[in-house]
Structure formats: structure tokens, C-alpha cells
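Report on the structure given below.
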Amino acid sequence: MSKIIITHSDKGEALANHIANNGFEADIMRSPKNYEELWNKYEALIFIGALGICVREIAAFLNDKKTDPAVINIDANGQFVQPVVSGHLGGANQLSEDISRLLGATPVVTTVSDTSGLWALDLLPEKHNWTLECKGKLTQLMAAFVNKQKTALLLEVRDKGSLILETEKPDHVDVFFSADEIKLEEYQLVLAVTPFVHDFGAKVIYYRPKVLQLGLGCQRDLPFEAFETELLSKLEEQRISPLSIAAIGTVDLKADEKALIELSEKWNIPMNTFGEEVLSQYDIPNPSEKVSEVTGSYSVSEAAAMHLSGNALLVEKQKAKAGDKHFTFALAMDKNSERKGFVEFVGAGPGDPELVSVRGKRMLQSADMILYAGSLVPKELTNYAKPGCVVKSSAGMDLITQIESMKPYYDRGLFVVRLHTGDPCIYGAIQEQMAIMDQLKWSYHITPGISSFQAAAAALESQFTIPEEVQTIILTRGEGRTPMPDREQLNKLAQSQSTMCIYLSASIAEKVQAQLSEHYPPETPVAVCYKLTWKDEKIYRCTLETLAKTVEENNLKMTTMIVVGKAIDNRSGFSKLYDKKFTHAFREGK
């Protein structure tokens, strides 16, 4: 965004320079005369001085909030930052927030949606990479929402934006996952995040997410205008919005087909081409011998859509004609965007319910079923569950029982959260679960969490990497009932004398001490960390030669991490990063 700061006094100019010197990129001009030129040149005009002066200077140029630049006014003392025009669409509100944080000032935002804590409906597309589509009067519909008239929220995809809307909805909004469930007469407004067209009349605002993959096959020299017109007509028949198409896929032989290239450019979506070795691997419903003779694959449109989406077809091959040329198309929805059975592995963090990630919390808030590792994850984390969510502990379940407990919910198209302690990718036992889910062709995703080794560093107030002394952190475990590869035995890893974080090994502390002592000095600092971030957290500091004794005396067995290395409580060593003599991309050394 091109920006200019306009000042009228020495004090205002000093404040402008302060803003610019603190990383805010903008031109600075004092008492300009060419306001019309500035109005047309810049995307944001920031005035420093009295609000009245600002208003008088811009009044003659105000035209439309959709095209006017953002205008902001700041008092000369830098106490208040106020968006004047183009708060939402022009970005003045957000810019005011940004400048306020830079100055430690108070943003004075007066738009109703912001002051009432409601969604800015016109900003949702930019925020979530959607396209807004509205056949009714947008201003009136937005006013209905701001006035808290009864609103139906239809979510027919699952993406980051829909997750946020679902978990942060105002009280006057009801959530639906199927259009058939909405009794239209009961609502003044429908907000629909969907690639599908529904009969909601003039009371709907559509948000079109880019979730559909369009596979295309065609004869040579397809006439573009007739092709586009016919394709749009066919999409309308299928009740599909073209605004939700994310990409085009076709065979390599059509890489230079002008009609497909022009469609890609006009619709501003990428065009992807694939060879027969890619397309021929898909089991498609409508194979064609003729297509196989030409391309080497029994399908182009269906296989391309399936390949791009990683999913089965939403719309099977449709045949159409543009002029005297034939083409086919097929559609598939991105696998991870479907509102169907889905499992999210969520890292719960080390224990404190507030250390789950924002994304993880949203997943818990929107889940239909939560299966949590009850022996390791505090039950308080499941308090984020919405009404009607089923919560089960997996503490007494074997692997097959876990899968069987999730399956009824997955098969009904519901959203399951599998909640693991710490980060699920570190001793989280998710690999065997994913292997079975792969066999069942389930869709799943992983939300990382804070691991206990990070919680240990925070609790110990220690940096586990010390410049020029320790630059490696080893996450490992001792050999108990689960065998360790010979190359990863503790005595071999200990040769580096790195910071070592040892999981699941308190019960074999004597063996751990003996193996580490082959290379670490006996006076090496050790921290035995019990239930990190839990209410009953305990930290025991000792040295390597007293490790086993410390564990035994305090009867430590489960949920205990052993940290070994001279990085513990170390305050020596300085990094180059903040050395005033050190030059890097953001600062010149002195």
C-alpha cells in the first residue's frame, strides 16, 4: 500500500519522521498544495494535526468508499489515531491499529461492526481468501447483521475462515452445515460460505472459497467466447459458482490450447497440465477409448480434477459443445476442504490448558467428538468443547479400540479431534493411527503443539543453545521396554555433550545416569522436571552424579523429563545477532 504522511507543523513533522524511522514505509510532505494529485496517487493519506483541517482538505475529493483512499488523522502529540474515510474496504481501520501499536496511541475506530465486536462482512473475503457475491442490496444486508437481526450461517466447506466463523459467532447467528436445514422464513440474512448456488433469494451474502478443481479436455482450436459461455451455463446447471474454482487441469498435449490459456488468465486461476503417466493412474468412472488413443490415458477431465484435488469427483465428466468443437469438464473439491468425516490430530501442549495453540483451541471448540489421551492430557482442555460434542478418554483403549471409537462419527461426516499431549509428532504414537486411517482412506491433518522440552526451557529460564558452547538439542529417551536402535543408545548420543532432553525415562534413571556418565562430567547440571506447566509442577535441580538418587527420593515415574547439559542456568556467551558490530539484512554494524 502506497502511503503519504501530511504534516502542517514542526511537531507534526517530528512525529511523522518518528513513525517513518520505526519501520513504517511512507512518504512525508509538509503543507502540500496538490491534494488532488495526492488523492489519486496514494492508497492511504495520513494527516497529522487537527481533524478539522484534514476534513476540509479532503472534502472536495470524496467520491465512493469502494474507490476512495484510506484517510487517517493523528493528533500532533501522537495520542489518538482515527480513521476518517474508507475504514473497511480502504484499510483505514487496520492501518490505524498498526500505527497505534507503533506509537502506543489509542485508535479511535467508530464503525459499528468494530465497536460492537461483530464481523466486518465486507472484509471477510480479503481476510480468508474468499470472493464476495451478493445478488441483493449488500448495504442493507450488512445493516441487518450489524442490527443483530436473525442470521443463518451456512458452512459447506471446512477451511480456516469457516472454522473462525463457527467458533466466534455472535449470539444472533445460527450455524448450519446443510442448506436444506435452514428455514428461510425465520431469518433476515443468510451468510453462506459455499461453492454451491442455493435458492435463498435476495437475503444472502455468498462467500466463495477457492476449493474446486476443474478438469478440462477439448478438441483443438476451441473458440473461447462460445466455450466460456457454454461452461458457465453448464456450471449453473450443476449449481456451482465459478468463483470457487481454484485451478484448471488438463493433459500436457493441451498446454498451448489458447481457449484454456485465456480462461486461466481471465478467471485469474492457474492452469496445470499433466502427462499420461499421472492421469492414467486414476480409477475414473467414465473411461474413453478415444481419449486413450490420443493421450495415452483413458481420461483427461476426470483424472485431472481428481489429481488436483486429491479427492473423488464432485461432478463426473460432462460433455459440451462450443461452436463445432467438443469439450468435457469434471469437478472435484479439495479433499481437506470438504465438510465430511475428518480427523484433526491436535497437540495439547505440555499440560497448561492455556498453552494449546489458537488453532488447536478452535479445533476443540468446533469438534463433534474429542478423543483425548486421558492419562497425559488434562481434562480441562476438553472444556473448550461445544454443546453436544462427545468427549472420550483413550487412556484404557488399545489402538483398534481408538479407531473404532472415532469411526461412527467419521462415517456420519462429523469432525473428530484426536487430542495428544505436547506435540503429537514427538512420542505421540500417531504414526500407527495414521497408517490405519490411510488404509481406511480417512482424511486427517495435524495441528502441532508446544512440546515439553520447550516448556522445560521456559521453566528453567534457560536457553538450551549457548553461542560457541552448545548448538545442538537432542530429544530422545532411554531404553526401557521399547528397544532403542544401537546407534541411538544414550552413551553414544552423549559423546556430543549437547543439551539432552530425555523423555519417558524416569523409571530407568539409574541406567540413564550410567550411560550419560561415560561422556558427561559428573558435575554436569541436570534438571528433573515433573508435570511441566501442570498445577503440581515440580523442578528438581541436581548434577549428573546425583540424578538417580534425586529421581528415587522424589518417587518420580511418569510425566517426567530429564534435561542434561551445561546450558541449564547458563548465562555465558553472546550471540552475533544483537552485537552492535554485526551487520545483517536489517541492521548495519557500527
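Hydrogens, waters and symmetry mates play no part in the numbers below; they use all other heavy atoms, side chains included.
Other residues, nucleotides and ligands contribute over 12 non-hydrogen atoms within 6.0 Å of the CG atom of D411. Atom NZ of K340 has more than 12 heavy atoms from other residues, nucleotides or ligands within 6.0 Å. Atom CD of E126 sits in a sparse spot, with 12 or fewer heavy atoms from other residues, nucleotides or ligands closer than 6.0 Å. The local environment of NZ in K135 is sparse, with at most 12 non-hydrogen atoms from other residues, nucleotides or ligands closer than 6.0 Å.
Contact check for L364 versus L419: side-chain heavy atoms found under the 4.5 Å cut-off. Residues K317 and S299 fail the side-chain proximity criterion, which asks for heavy atoms closer than 4.5 Å. Under the 4.5 Å side-chain criterion, counting only non-hydrogen atoms from C-beta, T250 is in contact with V300.
Ring pair F327/F227 is perpendicular by interplanar angle, where above 60° counts as perpendicular and below 30° as parallel. Using bins of under 30°, 30° to 60° and over 60° for the plane-to-plane angle, the ring pair W130/Y207 lands in the tilted bin.
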What do the steps show when you test Y444 against F342 for ring pair (Phe, Tyr, Trp, His ring centres under 6.0 Å), and what is the final call? CA-CA 6 Å; Y444 58 84; F342 196 88; 8.0 Å; no
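Between D122 and K127, none of the side-chain N atoms (NZ, or NE/NH1/NH2) sits under 4.0 Å from a carboxylate O, so this pair counts as no salt bridge.
Residues forming a side chain to side chain contact (heavy atoms under 4.5 Å, CB included) with D174 (at least two apart in sequence, or on another chain): K150, F176, Y187. The ring pair (Phe, Tyr, Trp, His ring centres under 6.0 Å) search around F415 returns none, not counting sequence neighbours. Checked against ring pair (Phe, Tyr, Trp, His ring centres under 6.0 Å), H172 has the following partners two or more places apart in sequence or in another chain: F145. Applying the side chain to side chain contact (heavy atoms under 4.5 Å, CB included) test to T472 and every residue at least two apart in sequence or in another chain returns I474, S498. With sequence neighbours excluded, no residue satisfies side chain to side chain donor-acceptor pair (under 3.5 Å) with H128.
With E166 as reference, R339 is the one residue of R362, R158, R339 to meet the salt bridge (charged side-chain N to carboxylate O under 4.0 Å, His left out) rule.
For the salt bridge (Lys or Arg N to Asp or Glu O under 4.0 Å) condition, no pair includes a residue of residues 443-459, sequence neighbours left out.
For the atom pair Q365 CD and T167 OG1, the distance stands at 5.0 Å (nearest 0.5 Å).
The two atoms that bring A385 and V391 nearest to each other are CB-CG2, 4.2 Å, heavy atoms only.
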